**Q** 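Supplied in structure tokens, the structure appears directly below.
Quantities reported herein were computed from a predicted structural model and do not represent experimental measurements.
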There are 2 protein chains.
Amino acid sequence: MAHTLDDLAALTGVSRATVSRVINGGPVADETREKVLAALEETNYRPNVAARSLASGRTGVMGVVMHVDAGLTFSDFYFSQLLTGISDQLSEQSLGMMLWLGERNAASTVDQIVGMRMLDGVIVTADTKNDPVVDGLRAADIPLVLVGHRKEDSDASYVDIDNIAAADVATSHLLALGRTRIGHITGRLGSVSADDRVIGYQQAMQRAGLPTEGLLVEGDYTPEGGHKATQELIAAGADAIFASSDYTARGALRALMEAGLSVPDDVALMGFDDLEFAAELDPPLTTIRQNIYQIGHEAARSLVDLIEDPDMSPRRILQPTELVVRQSTAGEIPAYSRKGSGA
Amino acid sequence: MAHTLDDLAALTGVSRATVSRVINGGPVADETREKVLAALEETNYRPNVAARSLASGRTGVMGVVMHVDAGLTFSDFYFSQLLTGISDQLSEQSLGMMLWLGERNAASTVDQIVGMRMLDGVIVTADTKNDPVVDGLRAADIPLVLVGHRKEDSDASYVDIDNIAAADVATSHLLALGRTRIGHITGRLGSVSADDRVIGYQQAMQRAGLPTEGLLVEGDYTPEGGHKATQELIAAGADAIFASSDYTARGALRALMEAGLSVPDDVALMGFDDLEFAAELDPPLTTIRQNIYQIGHEAARSLVDLIEDPDMSPRRILQPTELVVRQSTAGEIPAYSRKGSGA
DNA sequence: TTGTAAGCGTTATCAC
DNA sequence: GTGATAACGCTTACAA
């Protein structure tokens with residue numbers, strides 16, 4: 001089972017170095033290569049990662065660090081989608097993946113990750129401002145790709161969406177429907193995505209010459225937060241609500257129902273993410289779709305490229321977002337156009 | 001930054017072996033130990049995992065293999081809870097964790113995991129019958145703890161719940177309320193948990209001398225499956241429904257509402273898991289609570305113990321489950337007893 | 001094209 | 001208690 005290079009060498013009658021060359025693609029005679037390949041296949045040989053790492057400095061294992069705020073349902077979804085995207089891409093190249101979750105002691109997290117030298121590169125979520133883990137990782141000299149990015153990360157490699165533009169599109173959609181008292185329920189304060197969506201919302205409102213006083217309410221990406229914020233917005237006389245996530249919108253919808261308001265007739269409502277349940281709400285929820293899976297996919301690809309060419313200039317990718325119009329803003333929609341068009 | 005044992009030896013004036021002894025707890029003079037410890041601290045030394053692994057055969061990294069059926073919302077929750085439980089426990093002992101997700105090519109999964117010899121042990125979910133990954137891992141000689149277990153795994157180390165007993169408790173609860181036409185919506189066919197819950201349901205019904213013909217309907221752990229199955233159960237004249245998961249119950253609730261049936265007056269409804277939203281449904285959902293986080297926690301603990309003592313006899317843990325009675329079966333409940341009692 | 005041999009950074013087995 | 005020294009399994013010059 002646990003064959004070594006020496007076993008294979010003995011078996012095939014060549015030297016250990018030659019076997020290694022066959023595996024790693026060095027110059028080998030065709031005949032020799034074939035013979036070795038056959039033995040490799042037959043013995044089901046797998047290189048010992050530790051030994052390889054010691055000798056070459058490469059392990060074939062990537063790290064993924066995610067700050068999941070425990071209890072945030074939002075994270076559950078984002079987390080699993082992102083991870084699947086990363087994992088699919090890595091396993092396609094038979095690369096391993098090591099995972100860190102949660103908000104652990106920042107110093108020791110970075111220490112562990114960088115210190116054990118077991119990782120060829122790291123993907124880390126960078127949405128929280130003043131994040132010591134991201135700072136520490138960036139300071140350490142290890143190939144790194146961010147998912148999301150803070151202002152200070154604009155010189156790093158990252159995969160993100162344009163939150164400002166997306167929020168502008170969302171708000172503009174509500175404006176185009178003739179709404180004027182458009183409220184915005186923000187995401188978790190201190191997160192880049194939440195703050196940027198506020199900026200996008202404000203810039204659209206400003207362009208339309210509309211005030212936002214009393215229409216900007218803090219949320220936290222949860223239905224409960226959305227419920228509470230919506231009660232404030234109802235009192236403020238909102239005729240439309242742009243919620244910073246579909247989860248938030250779900251809570252908002254409940255609050256609107258309880259207040260006896262009709263959606264979208266009295267208040268138009270939209271969310272962000274296009275989570276699974278968005279289309280199944282009553283009424284179906286207009287939202288901004290972002291492809292989280294794809295973000296993970298791209299992040300993994302970038303990381304691999306970065307490792308192969310460490311001198312590569314930073315790669316900054318903005319994944320597209322898409323307005324998906326459903327009945328919660330547009331009212332009845334003919335069946336043939338009920339879904340947003342594909343990206 | 002990247003100090004080696006030799007650096008430290010030179011720095012402190014002792015031999016490399018002594019530094020290693022300080023780190024790993026060998027016999028060292030107090031004075032020497034202190035001196036070395038100080039240098040260790042100052043240089044922020046971290047051992048090279050690959051080198052350590054090569055020399056000792058230990059890496060301090062555990063593998064976690066999860067078969068997440070893509071698209072199953074059920075999995076998202078189960079998955080993240082379980083993972084957090086495992087991860088918390090491991091990181092407490094400063095052990096690393098490597099993750100495999102999804103249904104990849106079974107042979108290559110096992111090959112990779114076992115072949116690269118980078119893992120001290122593995123935790124794998126064993127709920128699907130005829131699972132080649134679990135079979136392969138069990139056949140490979142690596143410390144292994146299962147989460148869930150199939151019949152053939154009764155000689156392995158595992159952490160599970162007693163699905164039969166839990167389903168019996170659930171069904172008995174409905175029986176105690178005087179219901180006689182109790183339907184059961186199963187989980188995904190071919191999964192141990194789903195099948196065992198069917199057994200528990202049937203044994204309770206049989207004990208009560210009640211028939212189950214037409215009352216056992218296949219589901220898949222999704223709300224949609226629950227919705228569809230419920231329509232069948234309504235047609236079959238069910239006066240109570242035990243759904244195999246809270247997600248399923250959510251779909252069932254919708255179907256009951258649509259049929260103009262009142263819950264619990266016309267049909268009593270209960271789920272399984274006690275997911276976050278269960279208490280927030282209207283009416284709040286009676287369910288069987290299982291502590292998935294704790295299951296992960298225990299699995300990690302067992303694995304560590306197993307690695308420390310490979311001759312340990314298999315450890316089989318059944319985590320308790322708990323009936324949580326809410327209005328969906330019991331109707332109005334005085335506020336002071338609205339929640340199930342703690343375990 | 002192939003083989004020899006020198007590391008990579010630890011742990012562990014000896015002596016002293 | 002401590003220090004040499006031989007593994008561990010691989011990659012990679014350097015020679016042949």
**Q** Could you state the atom-to-atom distance from CZ of A:Arg52 to P of C:dG9 in whole Å?
**A**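 About 18 Å, once rounded to whole Å.
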**Q** Taking atom CG of B:Asp309 as the centre, report whether more than 12 heavy atoms of other residues, nucleotides or ligands fall under 6.0 Å from it.
**A** yes
**Q** With axes from five pairs an end, tell me the bend angle of the helix from C:dT1-D:dA16 to C:dC16-D:dG1, nearest 10°.
**A**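 It works out to 40° between the end axes.
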**Q** Would you mind reading off the distance between B:Asp6 atom CG and C:dC8 atom C1', rounded to a whole angstrom?
**A**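 About 11 Å, once rounded to whole Å.
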**Q** Please step through side chain to side chain donor-acceptor pair (under 3.5 Å) for the pair B:Thr84 and B:Ser87, ending with a clear verdict.
**A** CA-CA 5 Å; B:Thr84 310; B:Ser87 161; over 6 Å; no
**Q** In whole angstroms, how far is the C1' atom of C:dC8 from the CG atom of B:Asp7?
**A** 13 Å
**Q** Between A:Thr43 (side chain only) and A:Ala39 (backbone N and O only), is there a donor and an acceptor less than 3.5 Å apart?
**A**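 Indeed, once roles are kept as given, a pair shorter than 3.5 Å links the two residues.
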**Q** Determine the sole option in A:Asp135, A:Asp127, A:Asp155, A:Asp131 for which the salt bridge (charged side-chain N to carboxylate O under 4.0 Å, His left out) test with A:Arg150 is passed.
**A** A:Asp135
**Q** Under 4.0 Å between any heavy atoms, over every strand shown, what does B:Val49 touch: base, sugar-phosphate, or nothing? Just pick one.
**A** nothing
**Q** Would you find a donor on one side and an acceptor on the other, under 3.5 Å apart, between the side chain of A:Arg117 and the backbone of B:Arg46?
**A**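 Between the backbone of B:Arg46 and the side chain of A:Arg117 there is a qualifying donor-acceptor contact (under 3.5 Å).
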**Q** Tell me the interatomic distance from A:His3, atom NE2, to D:dC8, atom C1', rounded to whole angstroms.
**A** 18 Å
**Q** Verify the contact: side-chain N or O of B:Ser15 to OP1 or OP2 of D:dT2, cut-off strictly under 4.0 Å; return yes or no.
**A**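 The answer is no; no side-chain N or O of B:Ser15 sits under 4.0 Å from OP1 or OP2.
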**Q** As an exercise, state the distance from OG of B:Ser53 to CZ of B:Arg58, rounded to the nearest 0.5 Å.
**A** 11.0 Å
**Q** Does B:Met62 offer a backbone N or O that forms a donor-acceptor pair with the side chain of B:Asp120 under 3.5 Å?
**A**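 No, B:Asp120 side chain to B:Met62 backbone: no donor-acceptor pair under 3.5 Å.
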**Q** Which listed nucleotide (D:dG3, C:dA6, C:dT10) is nearest to the side chain of A:Arg16?
**A** C:dA6
**Q** Just how far, in rounded Å, is P of D:dG9 from CG of B:Asn48?
**A**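 B:Asn48 atom CG is separated from D:dG9 atom P by 16 Å.
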**Q** Which distance, rounded to the nearest 0.5 Å, do you find between the OG of A:Ser154 and the CG of A:Asp160?
**A** 11.5 Å
**Q** Let me spell it out: for each of B:Ala51 and B:Ala17, pick the nucleotide of DNA chain D with the closest heavy atom. Which residue's pick is nearer the 5' end?
**A** B:Ala17
**Q** Rounding to an integer number of Å, can you tell me how far A:Leu8 CG sits from C:dG3 C1'?
**A**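 Whole-Å distance recorded here is 17 Å.
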**Q** Just wondering, more than 12 heavy atoms not from B:Glu42 lying within 6.0 Å of its CD?
**A**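 No.
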**Q** Any chance CZ of A:Arg138 has more than 12 other-residue heavy atoms, nucleotides or ligands included, within less than 6.0 Å?
**A** yes
**Q** Whole angstrom is fine here: how far is it from CG in A:Leu5 over to P in C:dG3?
**A**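 After rounding, the reported distance stands at 12 Å.
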**Q** Is there a donor and acceptor pair closer than 3.5 Å between the side chain of A:Arg21 and the base of C:dG3?
**A**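 When only heavy-atom distances are counted, A:Arg21 does reach the base of C:dG3 through a donor-acceptor pair under 3.5 Å.
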**Q** With no hydrogens and no angle check, is any side-chain donor or acceptor of A:Asp153 less than 3.5 Å from a backbone partner on A:Ala156?
**A** no
**Q** If you check every side-chain atom of B:Thr18, which of D:dT2, C:dA12, C:dG9 has the closest atom?
**A**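 For the B:Thr18 side chain, the nearest candidate turns out to be D:dT2.
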**Q** Can you list, by residue number, the residues of residues 54-63 of chain B that have a non-hydrogen atom closer than 4.0 angstrom to DNA chain C?
**A**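 Within this stretch, B:Leu54, B:Ala55, B:Ser56 sit under 4.0 Å of the strand.
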**Q** State whether B:Tyr45 places a side-chain N or O below 4.0 Å from either non-bridging phosphate oxygen (OP1 or OP2) of C:dG9.
**A** no
**Q** Are the side chain of A:Ser302 and the backbone N or O of A:Glu298 linked by a donor-acceptor pair below 3.5 Å?
**A** yes
**Q** Would you jot down, in residue-number order, the residues of residues 23-38 of chain A having a non-hydrogen atom under 4.0 Å from DNA chain C?
**A** A:Pro27, A:Val28, A:Ala29, A:Thr32
